[in-house]
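Contents: one structure, followed by commentary.
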Amino acid sequence: MMRSLYSGVSGLRTHQVRMDVIGANLANVNTVGFKSSRVTFRDILYQTSINATAPNEDGAGAGRGGVNPSQIGLGVQLSSIDVLNTRAGPMLTDKPFDCYIDGEGYFMVIDSNGVEYFTRVGDFSLDSLGYLVDGNGNFVMGLSGRDSADPADPTFGVDELSEFVPIRLGEDPEEFQNYTQVSIGLDGIIRGYDTADEEDPVHVLGQVILFKFINNDGLSHEGNTYVRPTANSGVPTAYSPGVGGVGRVITNRLEMSNVELSREFTDMIVTQRGFQANSRIITVSDEMLQELVNLKR
């Protein structure tokens, strides 16, 4: 009876965790680039009352049959909290530097402390110095104009992150002001029209690079739609957009949240009923203990 009490407590704890995850999913139903999570449970060790025995047959065909084990479960525990990395569709923003990844891959940004993050949210814009920054003000990493990859080269792909720099359109603000019609192509290459160059006005100003991991589920989520590598994600490999299995870059769009309301509300109902059932187990176990106490009266 005391075992059932503790089993009920374990059920309450695990269902509370599941409800916490569902709450976070629903809170981020409109968060761009958000990846929902799920919770899985597993049973706890069993207490064996009767061990299994093998059948025993004598020469005459008589004997005794085998006996199955008798075990009592001791409750439930949290197995995993998994991120569902399914890709969501794009939403139109009409901002020329917003970028949607049409496939696998992540952008890389760097903050003022030199910490590198990866994200699928390309809410990019230009600051007053001509740097391409994201919505948190962190620099978007890529290649400078002179180092931009040839989009026709299918072998482009490097492993050394130190080769990448914050993307800046021009060497100084005065040069940046000469550019008009700046755009990002499907290949991630940033081109601009230089009004001061009459012979060759279209200049390559840089290139947005995408990064790929062996195990996306192993990434650590850091908030602000950022992720970072872990020992189980593998190291990031850089590719030109559209090469090496990574997607192309589509501007004027951002990735939507992959939260499915129908699934979340269904899971909410199941989780609520599971929580109620476990709370009932505790109540009934308490009533049975009370009956035992009253036997002495």
Side-chain angles (χ1 to χ4, degrees), residues 32-33 93 95-173 175-176 179 181-194 202-213 219 222 224-229 235-255:
V32 290
T93 64
K95 291 189 63 178
F97 291 107
D98 281 348
C99 295
Y100 169 78
I101 302 175
D102 185 23
E104 299 297 324
Y106 293 84
F107 302 108
M108 183 172 73
V109 300
I110 188 171
D111 65 12
S112 58
N113 296 319
V115 180
E116 297 170 347
Y117 297 98
F118 297 87
T119 180
R120 286 187 58 86
V121 179
D123 55 340
F124 302 150
S125 61
L126 297 175
D127 65 9
S128 60
L129 296 179
Y131 283 100
L132 191 65
V133 297
D134 70 356
N136 297 313
N138 295 326
F139 296 110
V140 181
M141 302 296 286
L143 297 175
S144 62
R146 62 181 181 274
D147 296 327
S148 297
D150 181 0
D153 180 8
T155 62
F156 175 75
V158 294
D159 295 318
E160 296 297 331
L161 303 184
S162 59
E163 298 181 9
F164 301 100
V165 297
I167 299 175
R168 188 179 188 185
L169 309 188
E171 298 297 330
D172 53 65
E175 180 183 352
F176 165 65
Y179 292 112
Q181 304 176 22
V182 178
S183 62
I184 303 176
L186 295 175
D187 52 13
I189 293 181
I190 306 172
R191 298 175 175 87
Y193 189 91
D194 188 357
V202 179
H203 292 184
V204 174
L205 307 178
Q207 185 179 26
V208 176
I209 299 299
L210 297 181
F211 297 82
K212 185 178 179 181
F213 295 88
L219 294 170
E222 305 293 322
N224 292 322
T225 67
Y226 291 153
V227 296
R228 296 198 67 197
V235 296
T237 302
Y239 293 95
S240 179
V243 176
V246 299
R248 302 175 301 168
V249 173
I250 301 178
T251 56
N252 301 295
R253 291 165 176 81
L254 290 176
E255 183 175 4

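Put simply, CG on Asn252 and CZ on Phe97 are 10.0 Å apart, with the number rounded to the nearest 0.5 Å. We find the CD1-CZ distance between Ile190 and Phe124 to be 9.0 Å, quoted to the nearest 0.5 Å. Remark: Ile250 CD1 to Ile184 CD1 distance equals 12.5 Å, nearest 0.5 Å. Between atom OG1 of residue Thr93 and atom CG of residue Leu254 there is a gap of 5.0 Å, rounded to the nearest 0.5 Å. Atom CZ in Phe107 sits 9.5 Å away from atom CG in Asp123 (nearest 0.5 Å). A distance of 12.5 Å separates CG of Leu126 from OH of Tyr179, quoted to the nearest 0.5 Å.
Contact record, Leu205 with Arg191: CD1-C, 4.2 Å, taken as the closest heavy-atom pair. Of all non-hydrogen atoms in Thr251 and Cys99, the two that sit nearest each other are CG2-SG, 4.3 Å. The shortest heavy-atom contact between Pro229 and Phe213 is CG-CE2, 3.7 Å. Glu116 and Arg228 get closest at one heavy-atom pair: O-NE, 3.3 Å. Shown here for Leu186 and Pro241, the closest heavy-atom pair between the two residues is O-CB, 3.6 Å. Asp187 approaches Ser240 most closely through the heavy-atom pair O-OG, 3.7 Å.
Judged by distance alone, with hydrogens and angles left aside, the side-chain atoms of Arg168 form a donor-acceptor pair with the main-chain N or O of Leu129 at under 3.5 Å. The closest donor-acceptor contact from the side chain of Thr119 to the backbone of Thr225 lies under 3.5 Å. Remark: the backbone N or O of Asn113 is paired with a side-chain donor or acceptor of Asp111 at under 3.5 angstrom. Checking side-chain atoms of Arg253 against main-chain N and O of Asp98 turns up no donor-acceptor pair under 3.5 Å. Distance alone, capped at 3.5 Å, is enough to place a donor-acceptor pair between the Lys212 side chain and the Gly244 backbone.
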Residues Leu132, Phe139; criterion side-chain contact (heavy atoms from CB on, under 4.5 Å); working and verdict: CA-CA 6 Å; Leu132 191 65; Phe139 296 110; over 6 Å; no

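If you check the side chains of Asn136 and Tyr226, you find a donor sitting under 3.5 Å from an acceptor.
You'll find the side chain of Ile101 stays beyond 4.5 Å of the side chain of Val246, heavy atoms only. Looking only at side-chain heavy atoms (C-beta outward), Tyr100 and Val249 stay at 4.5 Å or farther from each other. Asp134 has its side chain out of reach of Val121: every pair of non-hydrogen atoms, C-beta onward, lies at least 4.5 Å apart. Proximity of Val202 to Tyr193: side-chain heavy atoms (C-beta onward) are separated by under 4.5 Å at one or more points.
When ring centroids are compared, Tyr106 and Phe118 stay outside the 6.0 Å threshold.
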